[in-house]
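First listed ligand is number 1; within each ligand, the first listed atom is number 1.
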Amino acid sequence: MQRFVQRYGFRLGAARFVAGESFDAAVPVLRRLNDQGLLTNTTLLGEGVRDEAETREVVAAYREVLDRIQAEGLRTNVAVKLTHLGLSIDEELARRNVAELVEHAARRGNFLRIDMEESAHTDATLRIYRRLRESGHANVGTVLQSYLFRSEEDLASLLPLAPNLRLVKGAYLEPPEIAYPHKRDVDAAYVRLLETSLAGDGFTAIATHDETLIERAIAFTSEHGIPKERFQFQMLYGIASRLQLDLVGRGYDVLVATPYGPEWYRYLMRRLAERPANVLFLLRNLVRG
Ligand SMILES: Cc1cc2nc3c(=O)[nH]c(=O)nc-3n(C[C@H](O)[C@H](O)[C@H](O)COP(=O)(O)OP(=O)(O)OC[C@H]3O[C@@H](n4cnc5c(N)ncnc54)[C@H](O)[C@@H]3O)c2cc1C
C-alpha cells in the first residue's frame, strides 16, 4: 500500500496538500498564494533522520531555500522539524543545525519556526527554542499542541520570553495518559491557550481551520484591543482555501503552510488521518486515474 501510494500518490492526491516535489515547483505556488494576499511558509518534507551527514544536507537545502526566497521576493518563511535536523540522533546536533538556520534566516531578514512533533520530542524542542531565544535570536518561533495536558504549563513558562508561538490542536497519536482523547477537551484547551497567549507579550499564530475557534479568537482580540500585528491565522495548503481568503478580505494576516519535497508520504498520511473524507478524495482520483 505504502509503495503504491508513494509511486502514484503525488499525482493522485498529495498534490492537493504539497506544493511540489522540488522547491522549483513550489515557487510558482508560493507566488500565487502571495499574489492572493496570503503569507506563506514552506517546509522541505522529511523527519526522523538518523544519519548526521543527511542532516547537513537538510541544512544546506534550507540555506538555499532561504536564499531563493529572498531572491524571488517571496513573502515566505520556513518551518522545520527538529528530527529532520538530527534530534533523533543527538539533541546538540539538532540545536547546532537549527541555530545555523536561524542565523542564516536572520541575515536574510527572515523567520524560522520549529514545528512540534511527537511528545517524545517536546522537552528537547522547547529546550532548544528557549536557548535560541535566551541567546538573543528574535526571528524564531515554535508550536504548542492543545491536546497535550502539559501545554498550559509550557505556555506559562515560555511567556516571560515574549515567545512567537503557533497554537495547534496536535496531529500525532498520543496516549490518554498525556493527551486529551476527546475533541471537545482538545478544543476547550485550545481556547485557554489562545486567550492566555493573546493576553501575553508575544506573537500568536492561530493555526486551525476550525471556524468556531477562529471567530472566538477574533472576538477576543477585538474585545481586548489586541492589535493585528500581534497575531495571525495559519492554515494548511489545500485546506479551507475559501476561509483563508475570506479572512484576508476582513483585513487579517493569514499564512498558508505550503510544504514541498519528495518525502511527502508521512505528511499526506497525517492529513488523511485528520479527515476520513480525504481518503475518499484520494480514492476518487484513483478511480478517475
Ligand atoms: C499552519 C499549521 C501548522 C501546523 N503545525 C503543526 C505542528 O507543528 N505540530 C502538530 O502536531 N500539528 C500541526 N498542525 C496540525 C494540527 O495539529 C491539526 O492536526 C490540524 O490543523 C487539524 O486540526 P484543526 O485545528 O484544523 O481542527 P479540526 O477540528 O480537526 O478541523 C476543523 C475543520 O477543519 C477542516 N479540516 C481539518 N483538517 C482537515 C484535513 N486534513 N483535510 C480537510 N479538511 C480539514 C474540516 O473542515 C474540519 O471540520 C498544524 C496545522 C496548521 C494549520
Which value, rounded to the nearest 0.5 Å, describes the distance between Asp246 atom CG and Arg250 atom CZ?
-> 8.0 Å
Classify the side-chain pair Asp67/His104 by whether it contains a donor and acceptor separated by less than 3.5 Å.
-> yes
Give the other cluster members for Phe149, using side-chain heavy-atom distances under 4.5 Å between Ile, Leu, Val, Met, Phe, Trp and Tyr residues; answer none if it is isolated.
-> Tyr147, Leu148, Tyr172, Ile178, Tyr180, Val186
Cation-aromatic face contact Arg113/Phe111, 6.0 Å, 45 degrees |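 Not satisfied by the 6.0 Å and 45° rule.
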Give the protein residues with at least one non-hydrogen atom closer than 4.0 Å to an atom of ligand 1, ordered by chain and number.
-> Arg16, Asp115, Met116, Val143, Gln145, Arg166, Val168, Lys169, Gly170, Ala171, Tyr172, Lys183, Ala207, Thr208, His209, Asp210, Gln234, Met235, Leu236, Ile239, Ala257, Arg271, Glu274, Arg275, Asn278
What pairs of residues pass the side chain to side chain donor-acceptor pair (under 3.5 Å) test when at least one of them lies in residues 198-208, not counting sequence neighbours?
->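 Every pair satisfying side chain to side chain donor-acceptor pair (under 3.5 Å) with a residue in residues 198-208: Ser197-Thr204.
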Taking only residues at least two apart or on different chains, which pairs with a member in residues 83-95 satisfy side chain to side chain donor-acceptor pair (under 3.5 Å)?
->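 Sorted result for residues 83-95: Thr83-Glu117, Glu91-Arg127, Glu92-Arg95.
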